Amino acid sequence: MTIAETDVFEFDNSFARDLEGFYVEWQAAAAPEPAMVAFNKELAAELGLDASYLSSAEGVGILAGNAVPDGAEPIAMVYAGHQFGGYSPRLGDGRALLVGELLGADGKRFDLHLKGSGRTPFARGGDGKAALGSMLREYLVAEAMHALGVPTTRALSVVTTGESIFREGMVPGAILARIAGSHLRVGTFEFAARLEDKTALTRLADYSIKRHHPAAASSERPYLSLLEAVIDAQAALVARWMLLGFIHGVLNTDNVTISGEGIDYGPCAFMDGYDPKTVFSSIDHAGRYAFGNQPSISIWNLARLAETLLPLIDSDNDAAIESATELLQSFPDRYQGYWLEGMRAKLGLADQATGDDELAAGFTDLLEAHRADYTGSFRALADSLRGHDETLQQLLPDDKARGAWLDLWHARLDGEGRERSVVADEMDQVNPIYIPRNHLLEAALTAATDGDLEPFNELYEAVTHPFEKRDGLDRYTEAAPDSFGGNYQTFCGT
Ligand code: AMP
Ligand code: MG
């Protein structure tokens with residue numbers, strides 16, 4: 001381990017300073033031969049980091065965990081969590097490190113975090129490593145999410161370590177450098193609650209308020225306001241996922257952030273044919289985290305957060321439960337509000353009208369009945385307004401059902417009186433054409449694992465400019481071939 005004397009980073013490590021007891025100081029394992037595979041220059045610039053330094057041998061050494069930059073205090077965070085409904089009192093960063101915190105060009109604080117950097121005291125049975133394919137998956141999905149306007153952790157780089165690790169066979173080991181508003185999770189609060197140390201819990205809550213939901217500090221009941229802010233942020237996040245046809249795959253409480261950013265893109269996927277029961281993760285046997293379950297599972301996860309906060313909400317436990325329950329019960333309306341707002345935009349509606357929820361539900365019912373490609377259908381809808389309805393007819397071949405819904409939609413649009421071509425163009429601003437389709441991503445990751453990064457780089461380029469139709473990219477708009485469809489699964493923990 002070396003110290004890199006660099007002024008590229010000006011660390012200010014508030015977590016290490018304020019939250020003793022929630023981490024252990026730790027060092028990354030040595031990466032024998034680090035090599036940069038993906039580097040996000042745009043993000044580096046956005047964060048005010050020196051991209052050319054980070055691409056140099058010394059910079060790559062830092063991103064591989066081989067060198068600790070001046071001012072960094074690498075730590076492994078501890079947290080608990082409910083995984084598939086079962087409680088684990090001690091999870092924590094088993095293979096990850098918070099290198100340190102930085103202030104971005106916009107003054108916002110962010111975590112620089114390495115994933116795949118070796119075993120920590122929280123590794124349990126794991127090897128502490130990460131496979132190149134999974135780290136590239138997270139890199140691409142995080143950046144696609146960002147381009148789609150969804151709150152998310154970001155990806156700065158992926159470096160291979162020069163080591164092979166055992167997964168389904170031997171694969172290249174890699175480290176992702178992740179950027180996040182923070183790594184505070186519901187699971188962090190669950191860990192604090194089990195300490196039965198009100199001071200520690202209060203420190204964590206105060207820290208979270210200050211870092212993410214500062215308005216709560218000046219509220220009459222700050223900890224109740226913190227809960228409300230997290231509930232609202234998660235309702236907004238899950239609504240965005242649902243509007244995009246995105247399935248996180250592992251919505252355990254340790255993967256639910258206090259900031260409201262999406263995190264940990266493991267066995268996640270964008271749905272092709274619309275079906276709320278869609279599950280992708282090979283470990284989700286019961287379909288707990290199926291597409292259509294995500295809003296209700298979020299309430300469940302937020303209830304776990306609420307439980308931890310009860311002692312801070314009110315000294316009278318019954319009164320605390322009552323206040324927290326009332327807030328949790330506000331989730332469905334908040335979620336529905338965000339979803340409908342997004343759905344109006346997807347359907348080209350500028351104003352709000354009663355019956356919009358039924359109009360939107362009518363469309364998703366149509367999609368479900370036809371198992372129509374979710375992403376493609378909204379672009380086809382816009383094209384139909386331009387007088388090209390062939391694709392829509394192919395996707396929704398039931399003329400009667402399609403015609404009936406289109407009549408309602410056209411009447412609603414006519415009520416707004418905007419020109420149809422203008423509406424169609426606006427729809428294309430919010431309905432992506434390029435998403436990380438599973439079969440393409442899988443093929444790109446397989447090629448990358450075999451040393452060919454071209455398919456990955458091409459897909460990355462497409463999905464990080466998701467709204468803008470370009471020539472030569474038609475294959476990125478097509479649903480998976482049948483041979484791929486039915487039994488597609490993503491694997492996690494790799
Ligand atoms: P995840 O499913 O990636 O959110 O991880 C769940 C928990 O398992 C976290 O505590 C991770 O740090 C830990 N974990 C996952 N993979 C490994 C690994 N290969 N080695 C050590 N810990 C791991
Ligand atoms: Mg996780």
Side-chain angles (χ1 to χ4, degrees), residues 22-24 26-29 31 65 74-99 111 113-139 141-142 152-153 155 158 161 163-176 178 180-191 194 234 237 247-259 261-269 280-285 288-289 297 301 304-305 489-494:
F22 289 89
Y23 63 85
V24 294
W26 204 252
Q27 302 274 304
I75 57 174
M77 293 182 182
V78 58
Y79 46 87
H82 278 84
Q83 300 186 303
F84 293 92
Y87 184 68
S88 298
R90 208 173 92 136
L91 292 170
D93 293 332
R95 54 165 173 177
L97 291 177
L98 170 60
V99 177
D111 281 3
H113 177 101
L114 300 180
K115 183 167 175 179
S117 51
R119 286 177 58 88
T120 75
F122 312 113
R124 296 172 291 158
D127 62 359
K129 304 294 166 90
L132 174 61
S134 334
M135 294 306 97
L136 285 177
R137 174 191 290 277
E138 175 160 342
Y139 183 99
V141 173
T152 179
T153 63
V158 173
T161 58
E163 205 173 50
S164 289
I165 61 172
F166 184 71
R167 292 295 183 262
E168 291 95 44
M170 298 305 282
V171 293
I175 296 174
L176 170 77
R178 174 158 79 183
S182 84
H183 284 81
L184 295 165
R185 314 145 190 268
V186 169
T188 318
F189 280 82
E190 291 180 284
F191 174 78
R194 291 291 165 120
Q234 288 294 332
L237 174 66
I247 306 165
H248 180 282
V250 198
L251 275 184
N252 293 332
T253 55
D254 52 306
N255 289 338
V256 177
T257 61
I258 298 304
S259 67
E261 288 176 347
I263 193 170
D264 270 1
Y265 302 107
C268 59
F280 281 102
S281 168
S282 61
I283 54 173
D284 190 3
H285 305 295
R288 179 181 173 90
Y289 300 137
I297 234 25
N301 288 335
R304 305 289 78 75
L305 174 65
Q489 289 193 319
T490 48
F491 294 88
C492 99
T494 55

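Numbering of residues begins at 1 and proceeds along the displayed sequence. In each ligand, atom 1 is the first atom listed, and ligand 1 is the first ligand listed. Note that this is a predicted model, so its numbers are computed, not measured.
The Tyr79 neighbourhood of ligand 1 comprises atoms 9 (C), 10 (O), with distances under 4.0 Å to a heavy atom of that residue. Every atom of ligand 1 with a heavy atom of Asn255 under 4.0 Å away is listed here by number and element: 4 (O). Counting the atoms of ligand 1 from 1 in the order shown, those under 4.0 Å from a heavy atom of Gly128 are 18 (C), 19 (N), 20 (N), 21 (C).
A salt bridge between Asp264 and Arg178 is present, with a side-chain N of the basic residue lying under 4.0 Å from a carboxylate O of the acidic one.
Judged by the shortest distance from any of its heavy atoms, Val250 lies outside the 4.0 Å radius around the atoms of ligand 1. At a 4.0 Å cut-off, not a single heavy atom of Ala96 sits close enough to ligand 1 to count as contact. In this structure, Arg167 is part of the shell of residues with a heavy atom less than 4.0 angstrom from ligand 1. Close to ligand 1: Arg124, with a non-hydrogen atom less than 4.0 angstrom away.
Residue-to-ligand polar distances keep Lys115 apart from ligand 1: every N/O pair is separated by 3.5 Å or more. Taking distance alone, with nitrogen or oxygen atoms compared against 3.5 Å, Asp93 stays at or beyond that limit from ligand 1. Every N/O-N/O distance between Phe122 and ligand 1 stays at or above 3.5 Å. At least one N/O-N/O distance between Gly92 and ligand 1 falls below 3.5 Å. The shortest N or O to N or O distance between Asp264 and ligand 1 is under 3.5 Å.
Between Phe122 and Arg90, the closest side-chain pair of non-hydrogen atoms falls below 4.5 Å. With a 4.5 Å cut-off on side-chain heavy atoms, Arg124 and Leu91 count as touching. Within the 4.5 Å cutoff, the side chain of Tyr265 has heavy atoms near those of the Thr153 side chain. Residues Lys115 and Arg95 are in side-chain contact: their nearest non-hydrogen atoms beyond the backbone lie under 4.5 Å apart. Residues Asn301 and Asn255 are not in side-chain contact: their nearest non-hydrogen atoms beyond the backbone lie 4.5 Å or more apart.
Here atom 15 (C) of ligand 1 lies nearest to Arg95 when heavy atoms of Arg119, Glu138, Arg95, Gln83 are compared.
Below 30°, between 30° and 60°, or above 60°: for His183 and His113 the angle between ring planes is below 30°, a parallel geometry.
Contact record, Arg137 with Cys268: NH1-O, 3.7 Å, taken as the closest heavy-atom pair. The two residues Ser281 and Gly249 have their closest heavy-atom pair at CB-O, 3.9 Å.
Checked options Arg185, Arg304, Glu190; the residue passing with Thr253 is Glu190 (criterion: side chain to side chain donor-acceptor pair (under 3.5 Å)).
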- request: Begin from the C-alpha positions of Phe280 and Tyr289 and carry the test ring pair (Phe, Tyr, Trp, His ring centres under 6.0 Å) through to its verdict.
  value: CA-CA 9 Å; Phe280 281 102; Tyr289 300 137; over 10 Å; no

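With hydrogens and angles ignored, the 3.5 Å screen pairs no side-chain donor or acceptor of Gln234 with any backbone N or O of Val256.
For the Mg ion (ligand 2), the set of protein N/O/S atoms nearer than 2.8 Å consists of Asn255 OD1, Asp264 OD2, ordered by chain and number.
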